[in-house]
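For reference, the structure is listed below as structure tokens.
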Amino acid sequence: MLVTEVPAGVVSLRVWRVVDGVRVPVRGQHVPLGSSARVVDWDIPVGVPVTYLVEAVSSSGQVVGTGGESVQALVSPGHSRAWLSDPMAPLGAVVVGVLRSESRGRWSSASEMVRPMGGLPVTVGGARQVRVRSWRLVAEDEATVQAVDRIMLAGPTVLLRGDPECLDHPTGLLYVSASDVESERTLPHEPRVVWRIDGYESRGPAILPVVPSRTYADDLREHPTYQASRAAAATYLDRLRLPVT
């Protein structure tokens, strides 16, 4: 996102993402270069209307200007399309078509039979269940095919991101190994290429990770010195609990 017409004397921008009336700060430190600034929202949701609000902050911490007309866009490549990218380089994402996903496989048994040496078989419960899933992607032009090939060669993992209903997955986020992706050019000398992604899906007892919204850039912006940081929060955990201003 490109923010323009930044007032003179502004040292930083506060960027807010508004979805369903809830305002959340866009993480990261946003510093203008002259009268404009480039802002990247790494956590933008898919398939919902998004509005961005911008506040211009001076060196004294005062808001000297706000964004004019807010920008609203439906961020989605379409119900039958998805983004494919290298997780470490999201700006290089490419839009690909999603063909009808194949039938879901059966979950493995929720229990596991263990045969200890010299004893009777014992059933252990609570094991994670696993099943194999397959997705098929398609590109109709040579530029997209070459972009996908570059993503596959960039790293060991690729990220497929799209509408949860389109991908038939509750999160709409699929991390797969690049080595598990097969490609096929359906017709000789034609640009149409189909990729098949095979991966393992698991479920079962798990502890969900908790990630704070506060980043190091927020700490540096609010309390640029070590003394100010210690005065605001006695411990690192106390600092993570502070609201982002």
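A 4.5 Å side-chain heavy-atom check between Ser134 and Arg196 finds at least one atom pair inside the cut-off. Within the 4.5 Å cutoff, the side chain of Arg136 has no heavy atoms near those of the Glu184 side chain.
Arg185 has a carboxylate O that lies under 4.0 Å from a charged side-chain N of Glu142, or vice versa, which qualifies the two as a salt bridge.
Looking at every heavy atom in both residues, Val96 comes nearest to Leu160 through CG2-CD1, 4.5 Å. What you find for Asp86 and Ile151 is that their closest heavy atoms are N-CG2, 3.7 Å. Between Ala37 and Leu13 the shortest heavy-atom distance is CB-CD1, 3.5 Å. Residues Ala178 and Met152 approach most closely at CB-O, 3.7 Å, considering heavy atoms. Summarising the geometry of Ala139 relative to Val145, their closest heavy-atom pair is CB-CG2, 3.9 Å, with the distance given to 0.1 Å. Closest heavy-atom contact between Val18 and Arg23: CG2-CG, 3.9 Å.
Side chains of Arg161 and Ser85: a donor-acceptor N/O pair is absent below 3.5 angstrom, by distance only.
No donor-acceptor distance shorter than 3.5 angstrom exists from the side chain of Trp195 to the backbone of Val181, with no hydrogens or angles considered. Between the side chain of Arg239 and the backbone N or O of Ser229 there is at least one donor-acceptor pair closer than 3.5 Å.
Within the hydrophobic cluster formed by Ile, Leu, Val, Met, Phe, Trp and Tyr side chains joined at under 4.5 Å, directly or through other members, Val22 is accompanied by Val24.
The cluster map of Ile, Leu, Val, Met, Phe, Trp and Tyr, joined by side-chain heavy atoms under 4.5 Å apart, puts Val176 and Leu173 in different clusters.
Shown here is Arg230, whose CZ atom has no more than 12 heavy atoms of other residues, nucleotides or ligands within 6.0 Å.
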Working for side chain to side chain contact (heavy atoms under 4.5 Å, CB included), residues Val39 and Tyr52: CA-CA 11 Å; Val39 177; Tyr52 289 98; over 6 Å; no

